[in-house]
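In the text below, chain A, chain B and the rest are named by the order of the sequence lines, each starting its count at 1.
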Amino acid sequence: MTEETAAHDTPRLPTQYAPGEVEDRLYQRWNAAGYFEVDPKSGNPPFSIVIPPPNVTGALHLGHAFGHTIKDALTRRARMRGFEALWLPGMDHAGIATQTQVERHLATTEGKSRHDLSREEFVQRVWDWKHEYGGKILGQMRRLGDGVDWSRERFTMDDGLSRAVGTIFKRLFDDGLIYQAERIINWCPRCQTALSDIEVEHRDDDGELVSIRYGDGDTSVVVATTRAETMLGDTGVAVHPDDERYRHLVGRTIELPLTGRHIPVVADEHVDPEFGSGAVKVTPAHDPNDFEIGQRQNLDAVEIMDERANVTAHGPFEGLDRFEARPAVVAALRQQGRIVDEKRPYVHAVGHCSRCDTVVEPRLSQQWFVRVAPLAKAAGDAVRDGRVRLHPPDMAARYFDWVDNMHDWCISRQLWWGHRIPVWYGPNGEMVCVGPDEDPPTGEGWYQDSDVLDTWFSSALWPFSTLGWPDDTDDLRTFYPTSVMVTGYDILFFWVARMMMFGLYAMADRGPEESVPFRDVVLHGLVRDKHGKKMSKSRGNAVDPVDWMDTYGSDALRFTLARGANPGSDVPIGEDWVQGSRNFCNKIWNATRFALMNGAKVSAVQAGDDSSGALPPSDQLSTADRWILSRLHQVVAEVNTAYEEFHFARLCDTLYHFAWDEVFDWYVELSKTPLQHGGAEAENTRAVLGHVLDVTLRLLHPVIPFVTEELWLTLTGEESITVAPWPRADTRLTDVDAEGTIGELRDVVTEVRRFRSDQGLKPGQRVPARLHFDRPLLVGFEEHIRNLTRLTEPADGFSTTTAVEVAGVRVELDLSEAIDFAAERNRLEKDLAEAEKHRASAEAKLANSSFTSKAPESVVANVRAKLTETEAEITRINNQLAALPKS
RNA sequence: GGGCGCGUAGCUCAGUCGGUUAGAGCUCUCGGCUUACAACCGAGCGGUCGGAGGUUCGAGUCCUCUCGCGCCCA
């Protein structure tokens, strides 16, 4: 087969990459081939990532797409490196969100509330709903190209994970780390359930500060409150023990307006005498601080609101919502002349339900708690000891602050959808915690606790429950601890801290090193809009990632996100940038297309090796070949370093610039000359071109899996890039001389192009020129220079009208058209001024004896070299200026 | 109130251990369909690195103060 026919036999690729025709086909192929399914007994070193489970009700948003891109890149690279690489998918059951969704569905379709059904019937409806509507995100993960092991998909409510939940609950209960208590908890009156502290978001809201006079005459104090309606539940007034103003009142009672009750005045250290009047009302049943005071001072706790935050007593106020009761109570007090002062608006922090944004009501109730102190200590120590590394490391401060000051975790939820608390109560006040493999007590009067567990309780088990725990499975033995946890820094406490607590506790028998749930935690930023603003529906700047995947392809979205992933900072993203990434994919497509049309060759890519072994020996290669190979293998090393530092932005940027600025703009252009010559020269170029593209595609594959696979299959004829070996840096290919030579060549070409552009010559216009080489370095590159700058051989009658000189090459041109001497003089004068500035700077440094004596020798030598270079440059420019006719 | 982070080109961001002339993407200007690619090519414009002071031979980089912004916690 001749070279010419080889070129024609290569598959014809369209001139544009069309992701829509490629992505689905490749994803199905990968799954059919089972590339993402792992074998715990393969003997390969394990690598594992568990996805922080997305919500079963949710749809893919850019935050998911971002995290998934990172996870997929890490897993794909590990797989290529020969690891048994598991990325385990799944979802959590999202107790509140899912129950709310199904209740709404039930109301709109059947006009029923869940209370019209039995608990069992309702839970069945939730499962039905899940099967019909849930898990939309799983399909979207396929769009994104996630290389997950679908055969291991898990759900927090499935049998195995439910058993894990029951097992750990029982263990914690028996160890005294789970207890039941009556406490003030955060109550969401809309969701009708308790919430944990971190499910409450504090926000400054406009409110009011009302000062109320309690009691009369000598026995009166003024208290200020933002929640006037709670005064109905006051059972005391507290002052600081050292506060002279109120000393006479301590121990006496005072009349509580509107109620006719008399309440004691107590002294409590907790009171800040500087704030307001120095006296505070105490409502133990409706405020956490007041609850504490109440406990210390033996005050009653009077509940005045029901679970919907409606007032339950006190005549005219009964039945009013808390926000209706507030002005009503103020009005009544005002009528009695008891309002001393009112501030509106009064800005203060108000807790909101993170799920539905309803203002949270502190409520006294019986709940289940995890005693976190010992667990949190262990979770903190694992990071302090370096057994778990946080990236970026400054996040550790926030992490320690949390685990070292954590309050006990309220884990009971008043819902029907979730893991029901495995505690039974007996007719004589018995309480029995039942393990998952035990039978609950039966008989008259026994019943199970009606609450379910916080969804995060089951999510916290995810790194081991999904691998089969509590059974000692092959998966668990092989893949635990998992390698990396990738998640947004906003849920450091929700996921990471709790997974740490439970992982260390449940797997403690493995010892300190092996009980951690993961070795590295990568905390990525949040995706924001193109101006760095938070995306939200209300702002109207939210973007559906699926739209961008439809328009630009999944690779374009992934590359944009990964390229924005600077450690520790948020990721702004705009459509322009996705478009730019699409353009990059298309550029790769066309460069490979060029290579294929010119018969680029890739020898078999051996497992564990790369194709550089099959390249011609370096003494047969051209300088351009040696240059690009040298650069290629530096890039391999740089990409590996960036991966090890989880620095995705840098690795993407490195690959982007290497591929576009070096391979496509220069090597491909330089390859056209030898390819045209044919023969051994062309053969070598084909081999190098093929190798460079092969390796570059493999380096890019973890981030942009689709376009790289499509091209790589065509280029190599191999099975799949997903199981191709990860490139290894071959330092033997380093060639500093070749890099220097090509660097100078680029300078010459760029300078001539700049001259042409300044002179208004059309890019395609051929211009006769004569080249002189003052130095031997670029002597062999005349043809390359002519091709890249559109300079033709001088014909008869050639006469030099002007010249450009750089890097020891003098390019004399014959411009029959009138030359724009003024433009050229401007250009040269500008360059001269720049060069003189540099000379002055270098001279100043060298004249400074402190500098020459104290700075390292290499730095001084650099400045000396710079000065020499600059002086030569100045001479050259002056010569050229002198040669210009006076205009 | 406590803690953390950020201010670098019109916009969004890099900038390693303090060391040669501070970079990128997008935007903008000029010229081009140069048979891989107009989703492209070539050339160019654009920055006293928030401000002040200090350390140093040398500061975008280290220290202090200050102004502005963001986040977490209370």
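Distance check on atom C1': B:G58 versus B:G18 gives 8 Å, rounded to whole Å. Using C1' as the reference atom, B:G31 and B:C71 are 47 Å apart when rounded to the nearest Å. Using P as the reference atom, B:A52 and B:G60 are 13 Å apart when rounded to the nearest Å. Atom name C1', nucleotides B:C28 and B:C11: the rounded distance is 12 Å, in whole Å. For the C1' atoms, the distance from B:C6 to B:U61 is 15 Å, rounded to whole Å. With both ends at atom P, the span from B:U35 to B:C41 equals 14 Å, rounded to whole Å. Taking atom C1' on both nucleotides, B:U20 is separated from B:U34 by 36 Å, rounded to a whole Å. Across B:C13 and B:C73, the matching C1' atoms stand 28 Å from one another, rounded to whole Å.
In the set B:C41, B:G25, B:A43, B:G25 carries the atom at the smallest distance from any side-chain atom of A:Arg563. Ranking B:C41, B:U21, B:C57 by closeness to the A:His838 side chain, first place goes to B:U21. Nearest nucleotide to the A:Gln16 side chain, out of B:C57, B:A39, B:A36: B:A39. Residue A:Arg754 places its side chain closer to B:A43 than to any other of B:A43, B:C37, B:C41. Considering only side-chain atoms of A:Asn586, the nucleotide from B:A24, B:G31, B:A39 that sits closest is B:A39. The nucleotide whose nearest atom lies closest to any side-chain atom of A:Asp758 is, among B:C57, B:A36, B:A43, B:A43. The side chain of A:Lys762 sits closest to B:G31 out of B:G31, B:C57, B:U21. In the set B:G31, B:C26, B:C37, the nucleotide with an atom closest to the side chain of A:Pro763 is B:G31. Side-chain atoms of A:Lys845 lie closest to B:U21 of the nucleotides B:U21, B:A74, B:G25. Here the side chain of A:Ser841 is nearest to one of B:C72, B:U21, B:A24, namely B:U21.
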Would you please test A:Asp570 and A:His524 for side-chain hydrogen bond (donor to acceptor under 3.5 Å, both in side chains) and show each step? CA-CA 7 Å; A:Asp570 288 343; A:His524 58 71; over 6 Å; no

How does each nucleotide of nucleotides 2-15 of chain B score, in 5' to 3' order, for protein heavy atoms under 4.0 Å: base (B), sugar-phosphate only (S), or none (-)? ---------SSSS-

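Note on A:Asp661 versus A:Arg746: no salt bridge recorded, every NZ/NE/NH1/NH2 to OD/OE distance being 4.0 Å or above. A salt bridge links A:Glu793 and A:Arg786; the closest N-O separation between the charged side-chain nitrogens and carboxylate oxygens is under 4.0 Å. Ionic pairing of A:Asp831 and A:Arg754 is present here: one or more N-O contacts between side-chain nitrogen and carboxylate oxygen are shorter than 4.0 angstrom.
Checked against ring pair (Phe, Tyr, Trp, His ring centres under 6.0 Å), A:Phe648 has no partners two or more places apart in sequence or in another chain. Applying the side-chain contact (heavy atoms from CB on, under 4.5 Å) test to A:Ala595 and every residue at least two apart in sequence or in another chain returns A:Ala600, A:Leu689, A:Leu693.
Taking only distance into account, the side chain of A:Gln759 never meets the base of B:A43 through a donor-acceptor pair shorter than 3.5 Å. One N or O donor and one acceptor, one from the side chain of A:Lys866 and one from the base of B:U21, sit under 3.5 Å apart. Counting atom types as modelled, A:Arg753 pairs no side-chain N or O with a base atom of B:A43 as donor and acceptor under 3.5 Å.
For the pair A:Arg563 and A:Tyr656, the distance from NZ or CZ to the six-membered ring centre is under 6.0 Å and the angle to the ring normal is within 45 degrees.
Atom P of nucleotide B:G70 and atom OH of A:Tyr489 are separated by 13 Å, given to the nearest angstrom. Atom CZ in A:Arg593 sits about 9 Å away from atom P in B:A36, given to the nearest Å. Atom P of nucleotide B:C73 and atom CE of A:Met395 are separated by 12 Å, given to the nearest angstrom. As a whole-Å value, the separation of A:Gln765 CD from B:A43 P is 17 Å. A:Tyr17 places its OH atom 17 Å from the C1' atom of B:A36, with the value rounded to the nearest Å.
Side-chain atoms of A:Glu710 and A:Tyr17 form no donor-acceptor pair, as typed in the model, at a separation below 3.5 Å. Between A:Gln634 and A:Glu739, the side chains place a donor N or O and an acceptor N or O closer than 3.5 Å (distance only, hydrogens not considered).
Taking the nucleotide of RNA chain B with the nearest heavy atom to each of A:Thr592 and A:Glu869, the more 5' of the two is matched to A:Glu869. A residue-by-residue look at A:Phe594 and A:Tyr656 shows that A:Tyr656 has its nearest nucleotide of RNA chain B further toward the 5' end.
Under the 30°/60° scheme for interplanar angles, the aromatic rings of A:Phe559 and A:Phe584 are found to be tilted.
The residue A:Phe664 sits close to a base: some heavy atom pair falls under 4.0 Å.
Base pairing of B:G68: its partner is B:C6, meeting the Watson-Crick or G-U wobble criterion (both donor-acceptor distances under 3.5 Å).
The shortest distance between the side-chain N/O atoms of A:Asn583 and the OP1/OP2 oxygens of B:C40 is below 4.0 Å. Not one side-chain nitrogen or oxygen of A:Trp666 sits closer than 4.0 Å to the OP1 or OP2 atom of B:G42.
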